[in-house]
Amino acid sequence: MQRNFFLFLLVFKIFFFHSVRLSYCQQGISGIHGNFQTDIQYYKSDSSIGAPEVPEKVLANSFLNLVYSSGNFSAGIRYESFLNALQGFDKRYQGNYFLFRYASYTMDELEITAGNFYDQFGYGLIFRSYNEWGLGYDNAMDGVRLRYNPYKGIYVKGFVARQRVFFDYGPGIVRGADGEINLNETFAPLAEKKTKVILGGSFVSKYQPDEDPVLNLPENVSAYSGRINLARGGFTLGSELAYKINDPSTVNQLIYKPGNALFLTTGYSRKGFGVTLTGKRIDNMNFRSDRTAITNNLSLNFLPAISKSQTYRLATLYPYATQPNGELGGQAEVFYNFKSGSKLGGKYGTGISINFSRINSIDTTRTNDELGYTSDFFKAGPKIYFQDFNVEISKKINKNLKLTFTYINQIYNIDVVQGLVGHGTVYDNIGIIEMDLKLSKKHSIRGELQGLFAEQDKKGWAMALVEFTVSPHWFFAVFDEYNYGNDDKDLRIHYYSASMGYIRNVTRISIGYGKQREGLLCVGGVCRQVPASNGFALSVTSSF
Amino acid sequence: MKNSLWKLVSIIPVILLFWSCDKVEPPYQTAQNASGSNEGGTINLNNIPGTISNLRFKNFIADSAELKANWVVSGNAQGTAATITFTWHAGNAQLSGTGPVGGPATISGRVTIDGGGIFGRIIFDYSADVIVSGFGTGTVICHAQPQKVLVEDYTGHTCGNCPRASRAAYALKPLYGSKLIIIAVHAGFFAWVQNPNYTYNFQTAAGTAWDNFFGISNAGNPNGMVNRRKVNGNFVIPYTAWGSNAQNIFDAKGNSPDAVIQIINEFDNASRMLNTEVWCALLKDFTGSYKMQLCLIEDSIIKWQKDYDFTPEDIPDYVHRDALRGDINGIWGEEIISGFGASQTIIRKTYSTSVNSEFNEAHCKVLAFLYRDSDKEIVQANEEHVLE
């Protein structure tokens, strides 16, 4: 460890001593800008769908971001209001606060930020701080961050901060540093080379005092990662390898085993064709600034999901949530455009996309000691957590009509993904037909028919949607989800909904009414439980 | 900014970051020097004859006082008779015994002396052989009841991760002794009866009501509470933080609790009626509404349990520790302080409950805790075996 450290220091210092002072003057937009969103919902209790009584009747989540920029200086503040938080959001989101605020200044190659910030190192395997409003997820950092560009193609950043949890801070102090070098930018002889190479390395350490009266807990837990990104023509390769020292926590059941993660992605694309392969292995990589934190609180890292991000409603019935304690998976995706005029392409062309992903447990052998288990790096465990096969064909029939046909086959382990017992695994097939029809220059109509076929859990579902758009401002939609296959006849319920919206420039207002089934809302493998509800919903977003 | 100086200075935090790394090597547990409980006290008979055993203190303050004894021996043609009178503070108790003609009289029995007021009660078993009358003086040293902490482990028999939490909780026992009270509340999804093996119903009305109110199982199992104290705005405390949260309370209160609770149980085997007397002494002024909650706990119940740390995971003869069997005085207890309670006030309450014939009274305890109704935080707790 000591020899490697000095070697790293030597390489790092070489870059500094050979750096050339660069002008790094950020030309920002002067003035005030920002964005706003409010989501308000009126709830009616509905025992048939399990929608609970909401004493407040109306709940609302809102925020307003304000940013002031002038030359090299910018400052921002965000006002958040939960009065009270919508159903499905943690009840600790309550009240009104100016919690997010920062000031930032750039001089020459150096940018200094004091206050709150979001950032990411590499693919996020050891550090990612971000805000996902729809999930109620915000692990913003609060401290000091420096970003430095000492030379062409070399970027370093570092911070010391605490992490947000609801309207307070977690107990841990987090320190991090990241360095990246774009070889083609830094070294003149490589500038014209077709192969582009970016190397990066990161380090994150969190401190939390050991107050446990029985266990010896590490107070400074560190994680390291190295990454390489290559690109040549249409070919890309990205990879990151991460390691974390022993980090006993609630999520990993207080074991002392170190953690590691490997993320690989490669792809090739050219006009009309693309292929992507992604692989991931995670072993004990839950990393939080509070070792006792659970659910979505105080996560320091982000373990990318490698399942397809679904947008069709029935396809989101069983969304995958990343398992930080261990998973091994891969994804392959191919898309191809049959050219217009070709036999398969027809007059207007046909696109086909095939996606397959599979995630298993990792192989583990219990050791019955504080280390917990051993694991063979290249061996998959016996449990299938998730499998997803998608075929999507989109075809423009004529200048007004476009059809999309989708078939999905899924395997979904409810017990593992949702942390339940006794629900088993769902094997389902989904068929979807989507139609886009342009009625006139300003009017279009979109329809979807979806069917989910399964013999487990709530079994079969059907869904129909019609959306009418009056360009450029208005849209109207109605849809119905019907659980026709439920074993309990009383639960074969229609979840109908109607909505309309108005869009003007950057402002969007939508209002809807209907029943919503319970489910999981996931973004990038991070999920939130959404309870069943019945009532009105109003959403307003804008920016300025 | 001078470029050279910045480059030099910037290296320092990088070095410091690489040094901030604390990989822990075995052993992973600290050596546990059980401090034991300083609860109770000692009685030295000094020049009082005989021996004492099974000593119990139901006191409210630390105290050191005389134990006086006066024994009278008389004889006649039938034999020898003796009576001993113990005096402690304002209370006294008598025992009598007999013996052969010319021989010593054997005095043996349980002595219960109510010292009165803030001194509480002492209870012990006494035995002596006396042949002549006399008197003597001993010493009674009562230790103050320390702050006790209640850990509620919300669990279920199909929760495979829950036994690990239970083991972690009981790993704290050697460190804290009787200062730490642990109960297992079976509630939520994992406590539901499930065929074919998990058909025993541990659930209780009180446990389910508490689980729903505090949202424990909703946050997943295992989880629990430590003195029902909110941490970061949340009642739910993961089991990995039970020890540190308990330690924080001990550090804050230690041997200076705000109240003391004593429990005296009387169980009638024939009728299976349990009569419980609870004393609560206030050691400071109390403002607001405070409630006393009584529950019945049973230890060492052998039933099925899922445990992911074992293969196979389904264990038919798992020893369930300190399971909540039900409330004695209502799901949320009884208000005993309404508005104001002055320091040194002693509140006495009596309760009766029938003990289910399925429960083993030898393993049963009564748990009593005083809590603030506004935020539900527990002020003091105590437990006492049903068979004293």
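Here is how names work: the chains are called A, B, and so on, in the same order as the sequence lines, proteins then strands, and each is numbered from 1.
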> Does B:K179 make a cation-pi contact with B:F250 (under 6.0 Å, within 45 degrees of the axis)?
Replying inline: yes
Under a plain distance cut-off of 3.5 Å, with no hydrogens placed, do A:Y151 and A:E109 share a side-chain donor-acceptor pair? no
So, the part of B:N248 with a heavy atom under 4.5 Å from chain A: the answer is side chain
With chain B, the option among A:Q253, A:R291, A:Q94, A:R92 that has the most non-hydrogen atom pairs under 4.5 Å is A:Q253
Between A:Y105 and A:M107 the two heavy atoms that sit nearest each other are CE2-CB, 3.8 Å
Cut-off 4.5 Å, heavy atoms of chain B, and the answer for A:L371 is side chain
So, the part of B:N223 with a heavy atom under 4.5 Å from chain A: the answer is side chain
Whatever's closer than 4.5 Å to a heavy atom in chain A on B:Y239 counts as side chain
Taking every heavy atom of B:H157 against every heavy atom of B:W192, the minimum-distance pair comes out as NE2-O, 2.9 Å
Checked A:R366, A:E219, A:E211 vs chain B; the most non-hydrogen pairs under 4.5 Å come from A:R366
Keeping A:K206 on the side-chain end and A:R288 on the backbone end, is there a donor-acceptor pair under 3.5 Å? yes
